[in-house]
*Asks:* 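Okay, handing you the structure first.
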Amino acid sequence: MIYAGGCIVLLSTILVSILLITRRRQQKTLASLSPAPSLAMDLTLLKSEYLEKIDAIEHEYRSRTIYARVLHQQLSTVVRQFASHATQSSVATMTLADLKRSRHTKLVPIIEGYYAPEFSVVENGNVDEALAGARKVVSEWSS
């Protein structure tokens with residue numbers, strides 16, 4: 001009787017172990033992850049920092065250190081980096097399609113406006129509009 005009880009316990013332990021080991025684990029996705037804890041940030045200081053970066057890009061363009069295409073590339077990067085820091089999310093690595101599907105849809109028009117001049121072989125795009133758009137996004141941003 002004791003022998004039978006021991007076998008049942010052993011068999012139960014083995015079955016539970018097999019179930020635990022072979023159980024399908026839930027895959028972690030961006031949707032299933034909990035949001036990162038919010039870090040206190042001075043948005044005014046962040047805006048000032050990024051407006052200075054935009055000014056530096058404009059200065060490089062006006063002094064003919066960079067061309068319009070590079071200006072658009074750099075503005076796109078700066079706006080994405082700003083939004084990433086302001087929202088503490090991965091906006092900097094999102095494609096335009098990702099942005100359209102995200103909660104950051106207010107960035108879509110400015111980033112979309114940078115695409116043609118940014119990837120064009122021929123220099124095109126309105127530099128003054130590109131600069132004004134970047135400044136507007138940064139200066140009018142609210143959390």
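Residue numbers start at 1 and run along the sequence shown.
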*Asks:* Nearest 0.5 Å, please: how far is OG in S48 from CG in L43?
*Replies:*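 One finds 11.0 Å between CG of L43 and OG of S48.
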*Asks:* Is any side-chain heavy atom of K47 less than 4.5 Å from a side-chain heavy atom of F82?
*Replies:*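 SC-SC contact between K47 and F82 confirmed.
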*Asks:* Using side-chain heavy atoms (C-beta onward) and a distance below 4.5 Å, is E112 in contact with K100?
*Replies:*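 Side chain of E112 against side chain of K100, heavy atoms only: contact under 4.5 Å found.
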*Asks:* Are any non-hydrogen side-chain atoms of W141 and T87 less than 4.5 angstrom apart?
*Replies:*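 A side-chain contact exists here, since the closest heavy-atom pair is under 4.5 Å.
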*Asks:* Should the pair Y50 and H85 be assigned to parallel (<30°), tilted (30 to 60°) or perpendicular (>60°) ring geometry?
*Replies:*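 Aromatic pair Y50/H85 classed tilted.
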*Asks:* Can you give me the closest heavy-atom contact between I110 and A130, atom names plus distance?
*Replies:*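 Closest heavy-atom pair between I110 and A130: CD1-O, 4.5 Å.
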*Asks:* With heavy-atom distances below 4.5 Å as the criterion, would you say the side chains of H104 and S89 are in contact?
*Replies:*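 Yes; the side chains approach each other to less than 4.5 Å.
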*Asks:* Between L71 and L131, is the side chain to side chain contact (heavy atoms under 4.5 Å, CB included) condition met? List the steps.
*Replies:* CA-CA 9 Å; L71 173 130; L131 288 162; 4.2 Å; yes
*Asks:* Nearest 0.5 angstrom please: D42 CG to E49 CD, how far?
*Replies:*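 D42 CG to E49 CD: 10.5 Å, rounded to 0.5 Å.
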*Asks:* Looking at R103 and D98, is any side-chain nitrogen of the basic one under 4.0 Å from a carboxylate oxygen of the acidic one?
*Replies:*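 R103 and D98: not salt-bridged.
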*Asks:* Can you pull the salt bridge (Lys or Arg N to Asp or Glu O under 4.0 Å) pairs that have at least one residue in residues 10-21, sequence neighbours excluded?
*Replies:*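 Matches after skipping sequence neighbours: none remain.
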*Asks:* As a quick check of understanding, evaluate salt bridge (charged side-chain N to carboxylate O under 4.0 Å, His left out) for K136 and E129, giving each step before the final call.
*Replies:* CA-CA 10 Å; K136 182 177 180 180; E129 284 181 15; over 6 Å; no
*Asks:* Between V108 and L96, does a side chain to side chain contact (heavy atoms under 4.5 Å, CB included) hold up when you go through it step by step?
*Replies:* CA-CA 7 Å; V108 170; L96 183 58; 4.2 Å; yes
*Asks:* Is it true that S76 and R80 share a donor-acceptor pair across their side chains at a distance under 3.5 Å?
*Replies:*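 Yes, a side-chain donor-acceptor pair sits under 3.5 Å.
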*Asks:* Are any non-hydrogen side-chain atoms of V138 and L46 less than 4.5 angstrom apart?
*Replies:*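 Of all side-chain heavy-atom pairs linking L46 with V138, none is under 4.5 Å.
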*Asks:* Who pairs with E60 by side chain to side chain contact (heavy atoms under 4.5 Å, CB included), at least two apart in sequence or on another chain?
*Replies:*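 So E60 forms a side chain to side chain contact (heavy atoms under 4.5 Å, CB included) with T65, I66, Q74.
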*Asks:* Quick check against the 3.5 Å criterion: does T77 have a side-chain atom that pairs as donor or acceptor with the backbone of Q73?
*Replies:*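 It does hold such a pair.
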*Asks:* So, E140 and K106, do they make that salt bridge, N to O below 4.0 Å?
*Replies:*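 No salt bridge links E140 with K106.
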*Asks:* Taking all non-hydrogen atoms of both residues, which atom of S84 and which atom of A92 are closest, and how far apart?
*Replies:*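 Minimum heavy-atom contact is OG-N, 2.7 Å.
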*Asks:* For Q81 and V91: C-alpha separation, side-chain torsions, deciding distance, then whether side chain to side chain contact (heavy atoms under 4.5 Å, CB included) applies.
*Replies:* CA-CA 7 Å; Q81 287 174 343; V91 177; over 6 Å; no
*Asks:* Any side-chain heavy atom of I57 sitting closer than 4.5 Å to one from L75?
*Replies:*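 They are in contact (side-chain heavy atoms under 4.5 Å apart), so the answer is yes.
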